[in-house]
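Structure first, commentary second.
Here is how names work: the chains are called A, B, and so on, in the same order as the sequence lines, proteins then strands, and each is numbered from 1. Since the model is a prediction, treat every value here as computed from it, not as a measurement.
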There are 2 protein chains.
Amino acid sequence: MSTIGFAPHDHASCVADTMQRAESHCADQGLRLTPVRRRALEILLAEHRAQGAYDLLAVLAAEGMGAQPPVAYRALDFLVKAGFAHKIEALNAYIACAHLGECQMPAFLICRACRSVAEADTAPTRNRLNDAARAAGFAIERTVVEAEGLCPSCQDAAA
Amino acid sequence: MSTIGFAPHDHASCVADTMQRAESHCADQGLRLTPVRRRALEILLAEHRAQGAYDLLAVLAAEGMGAQPPVAYRALDFLVKAGFAHKIEALNAYIACAHLGECQMPAFLICRACRSVAEADTAPTRNRLNDAARAAGFAIERTVVEAEGLCPSCQDAAA
DNA sequence: ATATCGAATGTTATAACATATCAATACGCC
DNA sequence: GGCGTATTGATATGTTATAACATTCGATAT
Ligand SMILES: [Zn+2]
Ligand SMILES: [Zn+2]
Ligand SMILES: [Zn+2]
Ligand SMILES: [Zn+2]
């Protein structure tokens, strides 16, 4: 369990490492990390918070990289499919993956106040859900595990 | 773990029981199950499927119970807060609770083809998430556990 | 009975999130 | 160069959700 997102850390190298790994992953897999996609990933990575598609779009537009919703959604679609980003269903928003591509079944701790997000890998949950699914004859393709609440700093702020 | 929603069952009494329990729960808690709210619950209960707010609204409107979005969203808000319904975040849709108010931490199996939903209570998952949250100093207020895939009949249909 | 207050509803408008469609361009390959 | 595919540009539309304010309803207190 990493709590990156709530804890202070060397964020500059956090970003640099991830971009590096994204580059080489794309090279390996024959994926094209085009300028818009690359910039979209940088924008998501800039903060360990969920950002809406239109937030992303606003930044891209300000930089002259396309001003229509499809630009943002296409980039997000690519990043999600490549495993570089996740959609936070409870917020209809997006966040860069904290483990670049190594996620099996991500779980998120989501602050409702500041939208910061910590990502974990919760294999045990999958087992439990798998039991339930098997009993029901249900074929799981994707799982969503999200916990909403308050992060440490927002708890302090509320006190 | 109940797999109501996928398995055949006496749905008429499933509905009647739930409405009964909703009535008495409201009486106990001083909540008002007004005509619109009652009808909204009946509509959700009619199927063990997720229904969009605008689907619900269409039915209410056809019956002369209000034709504007806030009508549906207010009713849904009441039902969710009372524990009579859940929002399925992965679909932006709503479903009646299968355990009327007895849910601690619901988990859902969601068919992407027919939107039928089975509800389970997964206390063990909570423990795992709680461990993660405690380690991060995060205060969980609500959890979302959803598995998307294919229900038994839609698997058969696809075969 | 009637004034008052809070809850619920009616109504209009708009915000926020997401996709369909088709044309134009860039890229990799032969 | 010529071809097929992936990507981008652009317009329009579809879908989900809330803000804001007026009105009505229901219980309570005088
Ligand atoms: Zn970081
Ligand atoms: Zn926070
Ligand atoms: Zn039933
Ligand atoms: Zn199905």
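The closest donor-acceptor contact from the side chain of A:E146 to the backbone of A:E89 lies under 3.5 Å.
For the pair B:R37 and C:dA8, the criterion of a side-chain N or O lying under 4.0 Å from OP1 or OP2 is met. An OP1 or OP2 oxygen of C:dA18 is reached within less than 4.0 angstrom by a side-chain nitrogen or oxygen of A:N92. Put simply, A:K87 has no side-chain N or O that comes within less than 4.0 Å of OP1 or OP2 on C:dC17.
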Quiz: residues 151-159 of chain B side-chain donor-acceptor pairs under 3.5 angstrom, not counting sequence neighbours:
residue: B:Q155; atom: NE2; partner: A:G137; partner atom: O; Å: 2.8
residue: B:Q155; atom: NE2; partner: B:L150; partner atom: O; Å: 2.9

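For the pair A:L44 and A:L76, the minimum side-chain heavy-atom distance is below 4.5 Å. Contact check for A:R115 versus A:Q51: no side-chain heavy atoms found under the 4.5 Å cut-off. Looking only at side-chain heavy atoms (C-beta outward), B:M65 and B:V71 stay at 4.5 Å or farther from each other.
In this structure, B:D77 atom CG and C:dT9 atom P are separated by 12 Å, rounded to whole Å. Across the protein-nucleic acid pair, B:L56 atom CG and D:dT15 atom C1' stand 15 Å apart, rounded to whole Å. Here D:dT16 presents its C1' atom at 12 Å from CG of B:L57, a figure rounded to the nearest Å. Protein atom CZ of A:F78 is 11 Å distant from nucleotide atom C1' of D:dA6, rounded to whole Å. For A:Y54 and D:dT16, the OH to P distance is 14 Å, given to the nearest whole Å. In this structure, CG of A:L76 is placed 12 Å from P of C:dC17, rounded to the nearest angstrom. Between B:R74 atom CZ and D:dT23 atom P there is a gap of 15 Å when expressed in whole angstrom units. Rounded to an integer number of Å, the gap from CG of B:L33 to P of C:dA8 is 11 Å.
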- Under the salt bridge (Lys or Arg N to Asp or Glu O under 4.0 Å) rule, what do B:D77 and B:R74 come out as? Steps first, then yes or no, please. CA-CA 5 Å; B:D77 189 56; B:R74 284 165 182 162; over 6 Å; no

Just the atom pairs and distances: protein N or O near nucleotides 24-29 of chain D's N or O, under 3.5 Å.
none

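Under the 4.5 Å side-chain heavy-atom criterion for Ile, Leu, Val, Met, Phe, Trp and Tyr, A:Y94 and A:L79 are members of the same hydrophobic cluster. The hydrophobic clustering, which links ILVMFWY residues whose side-chain heavy atoms are closer than 4.5 Å, places A:V117 and B:V144 apart.
Taking the nucleotide of DNA chain C with the nearest heavy atom to each of A:G52 and B:V36, the more 5' of the two is matched to B:V36.
Relative to the side chain of A:Y94, the nucleotides C:dT9, D:dT7, C:dA18 differ in distance, and C:dA18 lies closest.
When the shell of 6.0 Å around CD of B:E63 is examined, it contains more than 12 heavy atoms from other residues, nucleotides or ligands.
Near DNA chain C, meaning a heavy atom under 4.0 Å from it, residues 61-73 of chain A has A:P69, A:P70, A:Y73 in order of number.
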